[in-house]
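Below: the structure, in structure tokens.
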There are 4 protein chains.
Amino acid sequence: MQFHIDASSPVPLYAQLERTIRAAIAAGHLREGDRLPTVRHLAVELRINANTVARVYAELERAGILTTQRGVGTSVRDPAAIAKPARERERSLRTLADRLLADAAAIGISLPEVIRHLQERSKETR
Amino acid sequence: MQFHIDASSPVPLYAQLERTIRAAIAAGHLREGDRLPTVRHLAVELRINANTVARVYAELERAGILTTQRGVGTSVRDPAAIAKPARERERSLRTLADRLLADAAAIGISLPEVIRHLQERSKETR
Amino acid sequence: MQFHIDASSPVPLYAQLERTIRAAIAAGHLREGDRLPTVRHLAVELRINANTVARVYAELERAGILTTQRGVGTSVRDPAAIAKPARERERSLRTLADRLLADAAAIGISLPEVIRHLQERSKETR
Amino acid sequence: MQFHIDASSPVPLYAQLERTIRAAIAAGHLREGDRLPTVRHLAVELRINANTVARVYAELERAGILTTQRGVGTSVRDPAAIAKPARERERSLRTLADRLLADAAAIGISLPEVIRHLQERSKETR
DNA sequence: GTGGTCTAGACCACG
DNA sequence: GTGGTCTAGACCACA
């Protein structure tokens, strides 16, 4: 499993990491019972502070997504814990889209243009 | 001209304000030569500190978008300063879309679903 | 006599005006007894506020350089009032040069380069 | 690294600080990767408010000259970002020289005299 | 009245 | 500990 982090991004490192782990699980790249890298390994690999990794693991454990066993390591506990109820899911998507559209409008890019761009990317991925 | 700000958003007030002003100009609601509200008026209206407004005006002036005349006020200088060259525009859009897709993936929402959502909103607006 | 003002300059209008009037007198373009434009004429010509012109005339009158006669107008009173004692003159020059060199250094331009540039301009003027 | 500030100067503190930092980088006293003092340290040292220092660092970061790592500190990112293209460099120098000559003329100091003064200073420095 | 600068001090995000 | 954001309020420069 490869996670990646952009140190020059304004998005906090911990948020980037949490996001990519959640995405990996949501996409099925990591399944129930799969082991994650140790805190130290991942910290070295991503060249970030081990505290930051530990904080993310702890956060995801609190959310019921990961589980940690002392002396063993951290693994995926419940991928379903990511799935939000449809209603909240919809609300989150709306919020994300709001932000995108606001930022796009600020540089003069309209909704149709955004859609066109995403459709292009959709084709590329196929 | 109406700008709006969400004090409960994690996005800094100054960033929200800058974004809405840029959007108003990009959309043609504010044109070259149009006056903006005074720093103090806008601060009162948005219930934020005058320094925060002043900071945004100063930033937009540095970007060549607004101009200030001492003791007079602030007005739109060059709407074109917002328009980026096509190449950079495309890059910005890609960056914004990347962010959206990363966040969406983290809660298990896929690209097609994002597109569907945006198309729905596009219809609503018509 | 032509004075000029740059409204987009960060230098205050009154300071620009005072400077050009002083320079015209120092250079001998305006001599003792010469009349200056009326406050209103100059204001219209330069497209600035009449108060600003009046303020400059008043300032120069206080300095003993101009004199105003009610119903008549403003004229040059004493060109010599501009000439500073050699010591202060030297100090002023040093201060001005300090500022120039500091600003030049900030964009990576060194003293010899500044001198070369001024010598070029000296030739052009001849 | 020593920066200095003159609180009695009419030039805004933040502008003085920005200028000296730029000069230090342009002169090679600070190189790529070098750490700058922390915001609070520098504020104490210069006896100015920490916000003022932070403002300067932020401005230089926006200019691409410095870079900030969250919770770590501020360092030089790209000294080349200061170097302007020759054309603009020339224009800047001309603007600075214009200002100097205008101010000098206003106290009756001519171009040759300015050049003589700068040559004197050039000798002193050797 | 306008905007510009600076301060003191709070609270937050981050590592 | 680092920097980032925001506030309240002072004082100045300018028209």
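Computed from heavy atoms alone, side chains included, the values below leave out hydrogens, waters and symmetry copies.
- Considering CD1 of A:I21 and CG of A:L42, their distance stands at 6.5 Å, rounded to 0.5 Å.
- Counting only residues at least two apart or in different chains, salt bridge (charged side-chain N to carboxylate O under 4.0 Å, His left out) contacts with residues 2-15 of chain C are absent.
- At least one donor-acceptor pair under 3.5 Å links the side chain of A:Q16 to the backbone N or O of A:V11.
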*So what's the dot-bracket for DNA chain E: Watson-Crick or G-U pairs under 3.5 Å, [ ] if a pair crosses, | if it pairs off-strand?*
||||||||||||||.
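- Taking CD of B:E32 as the start and OG of B:S75 as the end, the distance is 9.0 Å to the nearest 0.5 Å.
- Pairs engaging residues 62-74 of chain A under the salt bridge (charged side-chain N to carboxylate O under 4.0 Å, His left out) rule: A:E59-A:R62 [sequence neighbours left out].
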*How does protein contact run along nucleotides 1-7 of chain E, one letter per nucleotide 5' to 3', with B for base contact, S for sugar-phosphate only, - for none, heavy atoms under 4.0 Å?*
BBBSBBB
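- Remark: B:A50 engages B:V39, B:A43 in a side chain to side chain contact (heavy atoms under 4.5 Å, CB included) (not counting sequence neighbours).
- Scored by the salt bridge (Lys or Arg N to Asp or Glu O under 4.0 Å) test, B:R19 finds A:D103 as partners (sequence neighbours excluded).
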